[in-house]
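Following: one structure in C-alpha coordinates, then a few remarks.
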Amino acid sequence: MKIGIIGGGWTGLVLAHKLMEQGQEVHLYDQSDQLGGLATYHDFGGFFWDRFYHVILPTDRALVGFIEEIGLGDKLRWKQTLTGVYVDKSFYSVSSSKEFLLFPPLNLFQKFRLGMTILIGSRIKDWRRMEKISVEDWLVRYSGRTTYEKFWKPLLMAKLGESYKKVSAVFIWTYIKRLFEARGDSSAKKEQMGYVSGGYKTVLDHLAQQLEDQQVKICLNTPVEDITPDPNGGLWVSADGQKTWFDKVIFTGPMNVLEKVVDESLFDIEKGARNVEYLGVVCMVLVLKVPLTPFYVLNIADESIPFTGVIGMSALVDPSETNGQYLVYLPKYVISDDPFLRKPDAAIQDLFLDHLYKMYPELSTDDIVSIHINRAFKVQPLQVLNYSEIIPKAQTKHPDFFVINTSQFVKDTLNNDSVTRHVNHLAQTLGAQFLQTELSKTKA
(Lines give C-alpha, C1' and ligand atoms only; values in the text may rest on other atoms or scores of the structure.)
Protein backbone atom coordinates (compact mmCIF):
# COMPACT_ATOMS: atom_id res chain seq x y z
CA MET A 1 0.00 0.00 0.00
CA LYS A 2 1.31 3.47 -0.91
CA ILE A 3 1.22 5.90 2.02
CA GLY A 4 1.90 9.65 1.93
CA ILE A 5 2.96 11.31 5.20
CA ILE A 6 2.79 15.09 5.37
CA GLY A 7 5.30 16.50 7.85
CA GLY A 8 8.82 15.37 8.71
CA GLY A 9 8.78 16.27 12.38
CA TRP A 10 9.08 13.66 15.13
CA THR A 11 5.50 12.51 14.53
CA GLY A 12 6.02 11.94 10.81
CA LEU A 13 9.39 10.25 11.23
CA VAL A 14 8.26 7.75 13.86
CA LEU A 15 5.13 7.03 11.83
CA ALA A 16 7.19 6.51 8.65
CA HIS A 17 9.40 4.02 10.50
CA LYS A 18 6.42 2.10 11.91
CA LEU A 19 4.64 1.87 8.56
CA MET A 20 7.88 0.92 6.80
CA GLU A 21 8.20 -2.00 9.22
CA GLN A 22 4.68 -3.09 8.21
CA GLY A 23 5.87 -3.32 4.62
CA GLN A 24 4.11 -0.21 3.32
CA GLU A 25 5.53 2.01 0.58
CA VAL A 26 6.05 5.36 2.31
CA HIS A 27 6.65 8.88 0.96
CA LEU A 28 7.46 11.64 3.49
CA TYR A 29 7.05 15.35 2.68
CA ASP A 30 8.47 18.27 4.63
CA GLN A 31 8.81 21.94 3.73
CA SER A 32 12.04 22.38 5.71
CA ASP A 33 15.58 21.50 4.65
CA GLN A 34 16.05 19.45 7.85
CA LEU A 35 14.04 16.63 9.35
CA GLY A 36 12.86 16.69 12.94
CA GLY A 37 10.63 19.74 13.27
CA LEU A 38 10.96 21.03 16.84
CA ALA A 39 13.40 18.18 17.53
CA THR A 40 15.85 19.30 14.86
CA TYR A 41 19.41 20.47 15.43
CA HIS A 42 21.47 23.64 15.02
CA ASP A 43 25.08 24.43 14.14
CA PHE A 44 26.43 26.27 17.18
CA GLY A 45 29.92 26.60 15.73
CA GLY A 46 32.28 23.71 16.37
CA PHE A 47 29.44 21.35 17.28
CA PHE A 48 25.78 20.56 16.55
CA TRP A 49 23.13 20.30 19.21
CA ASP A 50 19.34 20.56 19.54
CA ARG A 51 17.82 23.80 18.25
CA PHE A 52 15.42 23.77 21.20
CA TYR A 53 16.07 22.04 24.51
CA HIS A 54 14.97 18.42 25.01
CA VAL A 55 15.34 15.86 27.77
CA ILE A 56 14.50 12.17 28.20
CA LEU A 57 13.11 10.80 31.46
CA PRO A 58 13.54 7.20 32.66
CA THR A 59 9.73 6.94 32.61
CA ASP A 60 9.57 7.88 28.90
CA ARG A 61 9.07 4.23 28.01
CA ALA A 62 7.74 4.75 24.48
CA LEU A 63 10.57 7.10 23.52
CA VAL A 64 13.31 5.03 25.13
CA GLY A 65 11.83 1.92 23.53
CA PHE A 66 11.89 3.55 20.10
CA ILE A 67 15.48 4.72 20.51
CA GLU A 68 16.46 1.17 21.42
CA GLU A 69 14.37 -0.23 18.55
CA ILE A 70 16.30 1.79 15.94
CA GLY A 71 19.61 0.64 17.43
CA LEU A 72 20.70 3.65 19.52
CA GLY A 73 20.16 2.25 23.00
CA ASP A 74 23.89 2.28 23.65
CA LYS A 75 23.93 6.03 22.96
CA LEU A 76 21.58 6.88 25.85
CA ARG A 77 23.26 8.79 28.67
CA TRP A 78 21.75 9.30 32.15
CA LYS A 79 22.66 11.79 34.84
CA GLN A 80 21.32 13.06 38.13
CA THR A 81 20.19 16.64 37.62
CA LEU A 82 19.04 19.61 39.65
CA THR A 83 15.93 21.78 39.32
CA GLY A 84 15.85 25.28 40.77
CA VAL A 85 13.60 28.24 41.42
CA TYR A 86 14.67 31.88 41.25
CA VAL A 87 12.53 33.85 43.70
CA ASP A 88 13.15 37.01 45.72
CA LYS A 89 16.47 37.39 43.82
CA SER A 90 17.75 34.12 45.27
CA PHE A 91 18.35 30.63 43.85
CA TYR A 92 16.83 27.55 45.51
CA SER A 93 17.13 23.88 44.62
CA VAL A 94 13.91 21.84 44.47
CA SER A 95 15.53 18.67 43.15
CA SER A 96 14.07 16.13 45.57
CA SER A 97 10.93 15.65 47.62
CA LYS A 98 12.87 16.73 50.69
CA GLU A 99 13.97 19.99 49.06
CA PHE A 100 10.39 20.62 47.96
CA LEU A 101 9.25 20.43 51.54
CA LEU A 102 12.18 22.52 52.81
CA PHE A 103 11.66 25.26 50.19
CA PRO A 104 12.72 28.36 52.23
CA PRO A 105 10.31 30.94 50.74
CA LEU A 106 7.38 28.92 52.18
CA ASN A 107 6.43 28.41 55.83
CA LEU A 108 5.67 25.00 57.32
CA PHE A 109 1.95 25.12 56.60
CA GLN A 110 2.51 26.27 53.02
CA LYS A 111 5.00 23.42 52.49
CA PHE A 112 2.44 20.96 53.82
CA ARG A 113 -0.13 22.27 51.33
CA LEU A 114 2.44 22.02 48.53
CA GLY A 115 3.08 18.38 49.37
CA MET A 116 -0.64 17.63 49.57
CA THR A 117 -1.22 19.27 46.17
CA ILE A 118 1.38 17.01 44.56
CA LEU A 119 -0.06 13.95 46.31
CA ILE A 120 -3.63 14.80 45.28
CA GLY A 121 -2.56 15.51 41.70
CA SER A 122 -0.66 12.23 41.43
CA ARG A 123 -3.73 10.23 42.53
CA ILE A 124 -6.32 11.81 40.27
CA LYS A 125 -7.58 9.39 37.62
CA ASP A 126 -10.40 11.33 35.96
CA TRP A 127 -8.63 13.95 33.82
CA ARG A 128 -11.95 15.17 32.38
CA ARG A 129 -12.96 16.93 35.56
CA MET A 130 -9.54 18.64 35.56
CA GLU A 131 -10.24 20.34 32.22
CA LYS A 132 -13.27 22.13 33.67
CA ILE A 133 -11.20 24.27 36.05
CA SER A 134 -8.33 26.63 35.29
CA VAL A 135 -4.86 25.58 36.36
CA GLU A 136 -4.54 28.69 38.52
CA ASP A 137 -7.83 28.11 40.34
CA TRP A 138 -7.01 24.44 40.97
CA LEU A 139 -3.53 25.16 42.34
CA VAL A 140 -4.68 28.06 44.52
CA ARG A 141 -7.51 25.88 45.90
CA TYR A 142 -5.10 23.20 47.14
CA SER A 143 -1.82 25.08 47.67
CA GLY A 144 -2.97 28.55 48.68
CA ARG A 145 -2.16 31.87 47.04
CA THR A 146 1.37 32.35 48.44
CA THR A 147 2.52 28.84 47.50
CA TYR A 148 1.03 29.34 44.09
CA GLU A 149 2.81 32.66 43.52
CA LYS A 150 6.21 31.51 44.77
CA PHE A 151 6.30 27.93 43.50
CA TRP A 152 3.65 26.97 40.94
CA LYS A 153 3.36 30.19 38.94
CA PRO A 154 7.07 30.21 37.96
CA LEU A 155 6.72 26.66 36.69
CA LEU A 156 3.66 27.63 34.62
CA MET A 157 5.43 30.70 33.27
CA ALA A 158 8.47 28.61 32.31
CA LYS A 159 6.29 26.25 30.27
CA LEU A 160 3.50 28.49 29.01
CA GLY A 161 4.43 32.14 29.43
CA GLU A 162 1.50 34.47 30.14
CA SER A 163 -0.77 31.99 28.34
CA TYR A 164 -1.01 29.90 31.51
CA LYS A 165 -4.04 32.04 32.38
CA LYS A 166 -6.07 30.27 29.67
CA VAL A 167 -5.00 26.71 30.50
CA SER A 168 -6.97 24.06 32.37
CA ALA A 169 -5.72 22.04 35.33
CA VAL A 170 -5.05 19.11 32.99
CA PHE A 171 -1.69 20.72 32.26
CA ILE A 172 -0.40 20.54 35.84
CA TRP A 173 -1.90 17.05 36.30
CA THR A 174 0.07 15.69 33.35
CA TYR A 175 3.18 17.57 34.49
CA ILE A 176 3.02 16.09 37.99
CA LYS A 177 2.53 12.62 36.57
CA ARG A 178 5.50 12.82 34.20
CA LEU A 179 8.14 14.90 35.93
CA PHE A 180 7.82 13.63 39.46
CA GLU A 181 7.89 10.02 38.30
CA ALA A 182 11.46 10.75 37.16
CA ARG A 183 12.52 10.78 40.79
CA GLY A 184 11.61 7.12 41.19
CA ASP A 185 9.77 5.36 43.96
CA SER A 186 12.07 6.52 46.73
CA SER A 187 11.28 9.99 48.05
CA ALA A 188 14.96 10.58 48.69
CA LYS A 189 16.09 9.61 45.22
CA LYS A 190 17.45 12.42 43.08
CA GLU A 191 15.87 13.05 39.72
CA GLN A 192 17.52 11.53 36.66
CA MET A 193 17.35 12.82 33.13
CA GLY A 194 18.89 11.63 29.91
CA TYR A 195 19.87 12.40 26.34
CA VAL A 196 21.29 10.64 23.31
CA SER A 197 25.00 11.20 22.76
CA GLY A 198 25.28 13.71 19.94
CA GLY A 199 21.80 15.07 20.63
CA TYR A 200 18.83 14.64 18.33
CA LYS A 201 21.11 15.02 15.30
CA THR A 202 22.39 11.51 16.08
CA VAL A 203 18.83 10.19 16.21
CA LEU A 204 17.59 12.03 13.12
CA ASP A 205 20.60 11.13 10.96
CA HIS A 206 20.40 7.49 11.99
CA LEU A 207 16.64 7.30 11.47
CA ALA A 208 16.80 9.02 8.07
CA GLN A 209 19.45 6.56 6.91
CA GLN A 210 17.31 3.60 8.01
CA LEU A 211 14.30 4.99 6.17
CA GLU A 212 16.25 5.62 2.97
CA ASP A 213 17.82 2.15 3.16
CA GLN A 214 14.29 0.73 3.12
CA GLN A 215 13.28 2.86 0.11
CA VAL A 216 11.22 5.39 2.04
CA LYS A 217 11.15 8.47 -0.17
CA ILE A 218 12.01 11.60 1.81
CA CYS A 219 11.12 14.89 0.09
CA LEU A 220 12.70 17.89 1.88
CA ASN A 221 12.16 21.53 0.84
CA THR A 222 8.83 20.31 -0.53
CA PRO A 223 5.80 22.13 0.87
CA VAL A 224 2.54 20.40 0.06
CA GLU A 225 0.22 22.62 -1.95
CA ASP A 226 -3.01 20.65 -1.77
CA ILE A 227 -4.51 17.25 -0.95
CA THR A 228 -7.57 16.20 -2.92
CA PRO A 229 -9.64 12.99 -3.14
CA ASP A 230 -9.65 10.71 -6.18
CA PRO A 231 -13.24 9.73 -7.16
CA ASN A 232 -12.01 6.14 -7.62
CA GLY A 233 -10.38 5.94 -4.17
CA GLY A 234 -7.21 7.22 -2.60
CA LEU A 235 -5.93 10.79 -2.69
CA TRP A 236 -3.74 13.10 -4.74
CA VAL A 237 -0.93 15.14 -3.13
CA SER A 238 0.37 18.17 -5.05
CA ALA A 239 3.88 19.29 -4.13
CA ASP A 240 6.74 20.90 -6.00
CA GLY A 241 4.69 21.07 -9.19
CA GLN A 242 3.90 17.34 -9.21
CA LYS A 243 0.79 15.34 -8.31
CA THR A 244 1.27 11.93 -6.70
CA TRP A 245 -1.47 9.40 -5.98
CA PHE A 246 -1.60 7.53 -2.63
CA ASP A 247 -3.80 4.83 -1.17
CA LYS A 248 -3.74 6.70 2.13
CA VAL A 249 -2.49 10.09 3.30
CA ILE A 250 -1.63 10.97 6.92
CA PHE A 251 -1.32 14.64 7.85
CA THR A 252 0.89 15.49 10.87
CA GLY A 253 1.16 19.30 10.66
CA PRO A 254 -0.62 21.98 12.69
CA MET A 255 -4.28 22.77 12.11
CA ASN A 256 -3.77 26.12 10.37
CA VAL A 257 -1.67 24.40 7.69
CA LEU A 258 -4.26 21.64 7.28
CA GLU A 259 -6.91 24.29 6.66
CA LYS A 260 -4.84 25.79 3.83
CA VAL A 261 -3.89 22.64 1.91
CA VAL A 262 -6.61 20.04 2.52
CA ASP A 263 -9.75 19.84 0.38
CA GLU A 264 -12.74 20.65 2.59
CA SER A 265 -14.42 17.37 1.62
CA LEU A 266 -11.71 15.48 3.53
CA PHE A 267 -11.89 17.09 6.94
CA ASP A 268 -14.43 19.01 8.97
CA ILE A 269 -12.55 22.01 10.34
CA GLU A 270 -15.54 24.09 11.35
CA LYS A 271 -15.85 22.87 14.91
CA GLY A 272 -12.36 22.41 16.22
CA ALA A 273 -9.49 23.62 14.11
CA ARG A 274 -10.18 27.34 14.20
CA ASN A 275 -10.46 27.28 17.99
CA VAL A 276 -7.06 25.70 18.63
CA GLU A 277 -4.54 28.28 19.87
CA TYR A 278 -0.84 27.54 19.65
CA LEU A 279 2.11 28.68 21.72
CA GLY A 280 5.22 29.95 19.99
CA VAL A 281 8.68 30.39 21.46
CA VAL A 282 11.69 32.64 21.10
CA CYS A 283 14.73 30.82 22.45
CA MET A 284 18.09 32.55 22.85
CA VAL A 285 20.96 30.10 23.16
CA LEU A 286 24.31 31.05 24.68
CA VAL A 287 27.54 29.17 24.05
CA LEU A 288 29.78 29.97 27.02
CA LYS A 289 33.39 29.38 28.04
CA VAL A 290 32.32 28.76 31.64
CA PRO A 291 29.34 27.02 33.29
CA LEU A 292 26.53 29.36 34.30
CA THR A 293 24.17 27.31 36.47
CA PRO A 294 24.14 23.99 38.35
CA PHE A 295 20.46 23.52 37.44
CA TYR A 296 19.17 21.83 34.32
CA VAL A 297 15.93 23.80 34.74
CA LEU A 298 15.67 27.06 36.64
CA ASN A 299 12.07 28.29 36.96
CA ILE A 300 11.81 32.06 37.41
CA ALA A 301 9.45 33.71 39.92
CA ASP A 302 10.22 37.26 38.86
CA GLU A 303 7.88 38.84 36.32
CA SER A 304 10.39 41.57 35.48
CA ILE A 305 12.62 39.00 33.75
CA PRO A 306 11.61 38.60 30.09
CA PHE A 307 12.63 34.98 29.55
CA THR A 308 10.58 32.29 31.26
CA GLY A 309 13.37 29.99 32.43
CA VAL A 310 17.08 29.23 32.34
CA ILE A 311 17.91 25.82 30.87
CA GLY A 312 21.46 24.78 31.77
CA MET A 313 21.94 22.12 29.11
CA SER A 314 25.52 21.54 30.24
CA ALA A 315 24.28 20.61 33.70
CA LEU A 316 22.96 17.50 31.93
CA VAL A 317 25.11 17.07 28.83
CA ASP A 318 28.83 16.41 29.21
CA PRO A 319 30.79 19.40 27.82
CA SER A 320 32.83 16.98 25.71
CA GLU A 321 29.67 16.74 23.58
CA THR A 322 29.70 20.50 23.00
CA ASN A 323 33.33 21.15 22.11
CA GLY A 324 34.30 21.79 25.74
CA GLN A 325 31.85 24.71 25.90
CA TYR A 326 28.63 25.26 27.86
CA LEU A 327 25.10 25.60 26.48
CA VAL A 328 22.36 27.70 28.09
CA TYR A 329 18.84 28.13 26.64
CA LEU A 330 16.67 31.15 27.53
CA PRO A 331 13.09 30.57 26.27
CA LYS A 332 10.13 32.90 26.20
CA TYR A 333 6.74 31.36 25.36
CA VAL A 334 4.01 33.52 23.85
CA ILE A 335 0.84 33.03 21.76
CA SER A 336 1.81 32.27 18.17
CA ASP A 337 0.58 35.61 16.83
CA ASP A 338 2.33 37.69 19.51
CA PRO A 339 4.50 40.45 17.97
CA PHE A 340 7.37 39.40 20.27
CA LEU A 341 7.97 36.39 18.01
CA ARG A 342 8.89 38.80 15.22
CA LYS A 343 11.18 41.11 17.19
CA PRO A 344 14.62 41.61 15.60
CA ASP A 345 17.36 39.33 16.91
CA ALA A 346 19.39 42.28 18.19
CA ALA A 347 16.48 43.59 20.28
CA ILE A 348 15.89 40.18 21.86
CA GLN A 349 19.58 39.71 22.54
CA ASP A 350 19.93 43.09 24.27
CA LEU A 351 16.79 42.57 26.36
CA PHE A 352 17.68 39.04 27.50
CA LEU A 353 21.34 39.80 28.22
CA ASP A 354 20.49 42.86 30.29
CA HIS A 355 18.40 40.75 32.67
CA LEU A 356 20.73 37.75 32.59
CA TYR A 357 23.62 39.93 33.81
CA LYS A 358 21.41 41.10 36.70
CA MET A 359 20.67 37.50 37.69
CA TYR A 360 24.28 36.40 37.22
CA PRO A 361 26.52 39.44 37.90
CA GLU A 362 29.61 37.21 37.70
CA LEU A 363 28.92 36.55 34.00
CA SER A 364 30.90 38.81 31.64
CA THR A 365 30.79 39.43 27.91
CA ASP A 366 34.20 37.75 27.65
CA ASP A 367 32.57 34.49 28.80
CA ILE A 368 30.24 34.42 25.78
CA VAL A 369 31.48 32.53 22.73
CA SER A 370 28.36 33.02 20.59
CA ILE A 371 24.65 33.86 20.74
CA HIS A 372 21.90 32.26 18.66
CA ILE A 373 18.23 33.24 18.38
CA ASN A 374 15.84 30.42 17.40
CA ARG A 375 12.08 30.72 16.95
CA ALA A 376 9.12 28.41 16.49
CA PHE A 377 5.60 29.69 15.84
CA LYS A 378 3.66 26.45 16.49
CA VAL A 379 5.22 24.77 19.53
CA GLN A 380 2.13 23.32 21.19
CA PRO A 381 -1.63 23.88 21.43
CA LEU A 382 -3.01 25.48 24.57
CA GLN A 383 -5.05 23.02 26.62
CA VAL A 384 -7.78 25.51 27.43
CA LEU A 385 -10.89 24.80 29.48
CA ASN A 386 -12.90 21.87 28.05
CA TYR A 387 -10.23 21.36 25.41
CA SER A 388 -11.36 17.81 24.59
CA GLU A 389 -14.58 19.24 23.15
CA ILE A 390 -12.82 21.20 20.39
CA ILE A 391 -10.01 18.88 19.27
CA PRO A 392 -10.04 17.35 15.78
CA LYS A 393 -10.47 13.60 15.46
CA ALA A 394 -7.90 11.30 13.84
CA GLN A 395 -10.55 9.65 11.65
CA THR A 396 -11.74 12.18 9.09
CA LYS A 397 -14.58 12.50 6.58
CA HIS A 398 -12.69 10.39 4.03
CA PRO A 399 -11.68 6.75 4.70
CA ASP A 400 -8.25 7.26 3.13
CA PHE A 401 -7.29 10.46 4.98
CA PHE A 402 -5.99 10.63 8.56
CA VAL A 403 -4.76 13.36 10.89
CA ILE A 404 -2.42 13.01 13.85
CA ASN A 405 -0.90 16.08 15.46
CA THR A 406 -0.29 17.54 18.89
CA SER A 407 -3.67 19.31 18.98
CA GLN A 408 -5.16 15.88 19.73
CA PHE A 409 -3.19 15.42 22.98
CA VAL A 410 -5.86 16.07 25.60
CA LYS A 411 -4.22 14.42 28.62
CA ASP A 412 -0.50 14.59 27.88
CA THR A 413 2.31 17.06 28.26
CA LEU A 414 3.86 17.78 24.90
CA ASN A 415 7.13 15.85 24.58
CA ASN A 416 8.60 13.25 22.26
CA ASP A 417 7.53 10.40 24.53
CA SER A 418 3.85 11.33 24.30
CA VAL A 419 4.21 11.82 20.52
CA THR A 420 5.78 8.36 20.21
CA ARG A 421 2.98 6.77 22.25
CA HIS A 422 0.29 8.35 20.09
CA VAL A 423 2.08 7.31 16.90
CA ASN A 424 2.48 3.73 18.18
CA HIS A 425 -1.27 3.54 18.78
CA LEU A 426 -2.15 5.01 15.39
CA ALA A 427 0.32 2.74 13.57
CA GLN A 428 -1.22 -0.33 15.20
CA THR A 429 -4.73 0.85 14.27
CA LEU A 430 -3.74 1.67 10.71
CA GLY A 431 -1.87 -1.62 10.34
CA ALA A 432 -5.01 -3.55 11.25
CA GLN A 433 -7.11 -1.45 8.86
CA PHE A 434 -4.63 -1.81 6.01
CA LEU A 435 -4.47 -5.57 6.52
CA GLN A 436 -8.26 -5.79 6.42
CA THR A 437 -8.31 -3.73 3.22
CA GLU A 438 -5.75 -6.01 1.56
CA LEU A 439 -7.70 -9.11 2.62
CA SER A 440 -10.89 -7.63 1.18
CA LYS A 441 -9.15 -6.97 -2.13
CA THR A 442 -7.80 -10.53 -2.21
CA LYS A 443 -11.27 -12.02 -1.61
CA ALA A 444 -12.75 -9.78 -4.30
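Residue numbers run from 1 in the order of the sequence given. Note that this is a predicted model, so its numbers are computed, not measured.
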Derivation and outcome, side-chain hydrogen bond (donor to acceptor under 3.5 Å, both in side chains), residues Asp318 and Ser320 = CA-CA 5 Å; Asp318 193 290; Ser320 64; 2.8 Å; yes

Answer yes if the ring centres of Phe307 and Phe352 are under 6.0 angstrom apart, and no otherwise.
-> yes

Would you please test Phe340 and Leu351 for side chain to side chain contact (heavy atoms under 4.5 Å, CB included) and show each step?
-> CA-CA 12 Å; Phe340 191 88; Leu351 177 66; 4.0 Å; yes

Is it true that a side-chain atom of Thr252 and a backbone atom of Ile6 form a donor plus acceptor pair closer than 3.5 Å?
-> yes

What do you reckon, is CD of Glu303 surrounded by more than 12 foreign heavy atoms closer than 6.0 Å?
-> no

For the residue pair Phe295 and Phe91, does the interplanar ring angle fall in the parallel (under 30°), tilted (30 to 60°) or perpendicular (over 60°) class?
-> parallel

Sort out for me which residue in Trp10, Tyr53, Trp49 forms a ring pair (Phe, Tyr, Trp, His ring centres under 6.0 Å) with Tyr200.
-> Trp10

Are Ile56 and Met193 side-chain neighbours, meaning at least one heavy-atom pair lies under 4.5 Å?
-> no

Looking at Val55 and Asp60, what are the two nearest heavy atoms and their distance?
-> O-OD2, 4.3 Å

Heavy-atom side-chain proximity of Asn299 to Tyr86 below 4.5 angstrom = no

Can you tell me if Ser197 and Glu321 form a side-chain donor-acceptor pair at under 3.5 Å?
-> yes

Just by modelled atom types, is the Leu414 backbone N or O under 3.5 Å from a matching donor or acceptor in the Ser418 side chain?
-> no

Sub-3.5 Å donor-acceptor pair from the side chain of Asn405 to the main-chain atoms of Gly253, do we have one?
-> yes

For Leu35 and Ala208, the nearest pair of non-hydrogen atoms, with its separation, is CD1-CB, 3.8 Å

Side-chain contact test, heavy atoms from C-beta onward, threshold under 4.5 Å: evaluate it for Val14 versus Asn416 and give yes or no.
-> no

Does a side-chain N-to-carboxylate-O contact under 4.0 Å join Glu162 and Lys332?
-> no

Answer yes or no: is there a donor N or O on one side and an acceptor on the other, between the side chain of Ser314 and the main chain of Val317, under 3.5 Å?
-> no

Is the shortest heavy-atom distance from the side chain of Gln214 to the side chain of Gln209 under 4.5 Å?
-> no

Is there a donor-acceptor pair closer than 3.5 Å between any side-chain N or O of Gln383 and the backbone N or O of Ser407?
-> no

Do side-chain atoms of Arg51 reach the backbone of Ala39 as a donor and acceptor pair under 3.5 angstrom?
-> no

List the steps, then state whether ring-ring contact (aromatic ring centres under 6.0 Å, His included) holds for Phe66 with His17.
-> CA-CA 10 Å; Phe66 183 74; His17 186 271; 5.4 Å; yes

Determine, step by step, whether Gln34 and Thr40 satisfy the side-chain hydrogen bond (donor to acceptor under 3.5 Å, both in side chains) criterion, reporting the C-alpha distance in whole Å, the side-chain angles of both residues, the deciding distance to 0.1 Å, and the verdict.
-> CA-CA 7 Å; Gln34 286 183 191; Thr40 198; 2.7 Å; yes

Taking atom types as modelled, find out whether Trp152 and Ser143 have a side-chain donor-acceptor pair closer than 3.5 angstrom.
-> yes

Grab the two heavy atoms, one from Ser93 and one from Glu99, that are nearest each other, plus how far apart they are.
-> OG-OE1, 2.7 Å

Any luck finding a side-chain donor-acceptor pair between Asp302 and Ser304 under 3.5 Å?
-> yes

Minimal non-hydrogen separation, Tyr296 against Ala315, with atom names | N-CB, 3.9 Å

Give a yes or no on whether the ring-centroid distance for His54 and Tyr195 is below 6.0 angstrom.
-> no

Taken in chain and number order and not counting sequence neighbours, the residues that satisfy salt bridge (charged side-chain N to carboxylate O under 4.0 Å, His left out) with Lys343 are none

Rounded to the nearest 0.5 angstrom, the CG-CG distance for Leu327 and Leu288 is 8.0 Å

Donor-acceptor pair, Glu131 side chain versus Tyr387 backbone, under 3.5 Å?
-> yes

Do His422 and Thr420 have side-chain N/O donor and acceptor atoms under 3.5 Å apart?
-> no

To the nearest 0.5 Å, atom CD1 of Ile305 lies from atom CD1 of Ile300 at 5.0 Å

Taking 4.0 angstrom as the limit, do Lys201 and Asp50 come out as a salt bridge?
-> no

Which pair of non-hydrogen atoms, one from Ser168 and one from Leu385, has the smallest distance, and what is that distance?
-> CB-CD2, 4.0 Å

Does Phe109 CZ have over 12 foreign heavy atoms under 6.0 Å away?
-> no

Salt bridge Asp400-Lys248, side-chain N to carboxylate O under 4.0 Å = yes

Flag, side chain of Asp367 to backbone of Ser364, donor-acceptor distance under 3.5 Å = yes

Assign the ring pair Phe251 / Phe401 to parallel, tilted or perpendicular, where the plane angle (0 to 90°) is split at 30° and 60°.
-> tilted

Please answer whether the main-chain N or O of Ile70 pairs with a side-chain N or O of Gln210 as donor and acceptor at a distance below 3.5 Å.
-> yes

Ring centroid separation for Tyr329 and Phe52, is it under 6.0 angstrom?
-> no

Measure the spacing between CG of Leu292 and CG of Leu298 and express it to the nearest 0.5 Å.
-> 9.0 Å

Rounded distance (nearest 0.5 Å) linking atom NE2 of His372 with atom NE2 of His42 | 5.0 Å

Distance-only donor-acceptor check, side chains Thr83 and Ser95, under 3.5 Å = no

Val285 vs Val328 side-chain heavy atoms within contact, under 4.5 Å | no

Any side-chain heavy-atom pair of Leu160 and Gln380 under 4.5 Å | yes

Quick one: which of Lys166, Arg141, Arg145 gives a salt bridge (charged side-chain N to carboxylate O under 4.0 Å, His left out) with Glu136?
-> Arg145

More than 12 heavy atoms of other residues, nucleotides or ligands under 6.0 Å from OH of Tyr360: is that the case?
-> yes

What closest approach, in Å, do Gly9 and Asp30 show between heavy atoms, and which atom pair accounts for it?
-> N-OD1, 4.0 Å

Kindly assign one of parallel, tilted or perpendicular to the pair Tyr148 and Tyr164, based on the angle between their ring planes and the thresholds 30° and 60°.
-> tilted

Contact check, side chains of Asp263 and Ile227, non-hydrogen atoms, under 4.5 Å | no

Would Val282 and Val334 satisfy side chain to side chain contact (heavy atoms under 4.5 Å, CB included), going step by step from the backbone distance to the final call?
-> CA-CA 8 Å; Val282 172; Val334 294; 5.7 Å; no

Pair Leu13-Val203, side chain to side chain contact (heavy atoms under 4.5 Å, CB included): steps then yes or no | CA-CA 11 Å; Leu13 285 169; Val203 181; over 6 Å; no

Can you tell me how far SG of Cys283 sits from CD1 of Ile373, rounded to the nearest 0.5 angstrom?
-> 8.5 Å

Look at Glu68 together with Arg61 and state whether they make a salt bridge at an N to O cut-off of under 4.0 Å.
-> no

Residues Arg375, Asp345: salt bridge by 4.0 Å N-O rule = yes

CD1 (Ile124) and CD1 (Ile172) are apart, to the nearest 0.5 Å, by 11.5 Å

